[in-house]
Engineer: 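Structure incoming, see below.
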Number of protein chains: 2
Amino acid sequence: MAYTVGQVAKVAGVTVRALHHYDEIGLLSPSGRTPAGYRRYDDADLERLQHVLFYRELGFPLEEIAAIIDDPAADPAAHLRRQHELLTVRITRLQEMVTAIEFAMEASKLNIQLTPEERFEVFGDFNPEEHEAEAERRWGDSEAYRESNRRVSRYSKDDWLRIKEENEDWGRRIVAVLASGVPADSPEAMELAEEHRQIISRWFYECSYEVHTGLADMYMADERFTRHYEDIAPGLAAYLNEAIHANAISRA
Amino acid sequence: MAYTVGQVAKVAGVTVRALHHYDEIGLLSPSGRTPAGYRRYDDADLERLQHVLFYRELGFPLEEIAAIIDDPAADPAAHLRRQHELLTVRITRLQEMVTAIEFAMEASKLNIQLTPEERFEVFGDFNPEEHEAEAERRWGDSEAYRESNRRVSRYSKDDWLRIKEENEDWGRRIVAVLASGVPADSPEAMELAEEHRQIISRWFYECSYEVHTGLADMYMADERFTRHYEDIAPGLAAYLNEAIHANAISRA
DNA sequence: CTCCCGCCTGCCGCTACGTCAGGGTCAAGG
DNA sequence: CCTTGACCCTGACGTAGCGGCAGGCGGGAG
């Protein structure tokens, strides 16, 4: 099975020029030439090219790719495992970015200003370990958050308006309940906490009681969220937190 | 809040040189300068930089990034939604690559040789249209193939073992039928062709009669597949091809 | 006042190709 | 047999997105 440059280029989705380049720098030299000097690629060359393209897509410099591929201490299975791992790392990274975007959406919805550090904690350089711990602490369950992303991406303007309206209606009612002086573990307050949970579940992601209490704790831990609720009504952040916890316990 | 280049570089995880470059090409010019000519970045500049870095990480050329960011017909929420969508597309892409790697791992375990087309159907910077056309030609329905990918990626080791076993059992039986000398359009052969179709449907993708005959033709057209069946028993490739066609006609 | 760190503006270099230019090759058709 | 068009070859230059250094100014701590 021999292939010309053009055939290889077509099947692999690269340009002929790129294949010339790989030949020039010795990254991928065809196993032979025709008498006329035409490059002839065989199946082994194609396999090598496949690996080259894999690492290239992940952004590795060509020189490094050569080193990886030519590593004598790596059997085919080891390569596959390495590639698999690289991919999952990348996916994790992108999912973190998704989470960050979601966070920014949430913040902009509540009109919260992001600090410079927050702006760039996911973009730019970022330390993987530190960041992962941070994300865990923040969201507890990243799968729930991804679900949210999947849904939110499909919302129309009308959907957003409805969400806003529902949210504001809920806001007015909990302010009223707070003002009426009933305790946070009263049926009225717990009912509104439950409604809060259901709004999230309906519009964003499946919000279990556990996730809900985690969210409530974040509202207390993160000053910007605290302030958001405090600005609506003094004491609301703590009141809501308590109501959510009480609601979660009573339904468990 | 004003920041110097160095400060911005540090918090954003980019080099000072890169910021100089962005200034040079007009992608991100600081909102002001000190009397001494020092660049001064404010919060709005940081926000812009955040977007720049986002699109940069996804591989957009800087010129295009400028166009995207300066698009007057896009409010902040629209940007966030767009970014979100881009991310999910990327994640899907990477997950497809994971599927392909897993497929390759299994193939290498079962000692199955990959065709060149299979090698590159996921890698390479693949032209969506051309690629889809190619996949269409090969698979009849590209959605079916994606469905296959989605399913295959969730198979456990036990599933793979069962598939292998089912496949080998089917292989033994069709070899027996072939050896018995009954024609390819006999009920026995057609029944095995039908079973073949159902194995594919059960484990990989919804395999209509049309797709099935397309597959059968590929078995004949592609030497690798032909040899795979010829190695099991001489004449099997053509026999199976005929049986599949006969089966499709009789059930239509 | 001095020292050192940070900032400035060129300018050259690098990677991974894109894009001609100028010229041979091969299979099909007239 | 000869032509035509698609395909191949080797330079050689251009481009994007910076990295890195040189040579010189600014500014706050000691």
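In what follows, every chain begins at residue 1, and chains take the letters A, B, ... in the order their sequences are listed.
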Engineer: Between the side chains of B:Tyr22 and B:Arg48, does any donor sit under 3.5 Å from an acceptor?
Structural biologist: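 No.
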
Engineer: Taking all non-hydrogen atoms of both residues into account, name the closest pair between B:Asp185 and B:Ala246 and its distance.
Structural biologist: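 Closest pair (atom of B:Asp185, atom of B:Ala246, distance): CB-CB, 3.7 Å.
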
Engineer: So what does A:Thr34 hit on the nucleic acid, given a heavy-atom distance under 4.0 Å: a base, only sugar-phosphate, or nothing?
Structural biologist: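 A:Thr34: no heavy atom of the nucleic acid under 4.0 Å.
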
Engineer: What are the two closest heavy atoms between B:Pro183 and B:Tyr239, and how far apart are they?
Structural biologist: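 That would be O-OH, 3.4 Å.
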
Engineer: Nearest 0.5 Å, what's the CZ-CG distance between B:Arg56 and B:Leu49?
Structural biologist: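 One finds 8.5 Å between CZ of B:Arg56 and CG of B:Leu49.
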
Engineer: Please report the shortest heavy-atom distance between A:Arg39 and A:Tyr41, naming the atom on each side.
Structural biologist: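 It is CD-OH, 3.5 Å.
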
Engineer: At under 4.0 Å between heavy atoms, how does the protein contact nucleotides 9-20 of chain D? Give one character per nucleotide, 5' to 3', with B, S or -.
Structural biologist: SB-B----BBBB

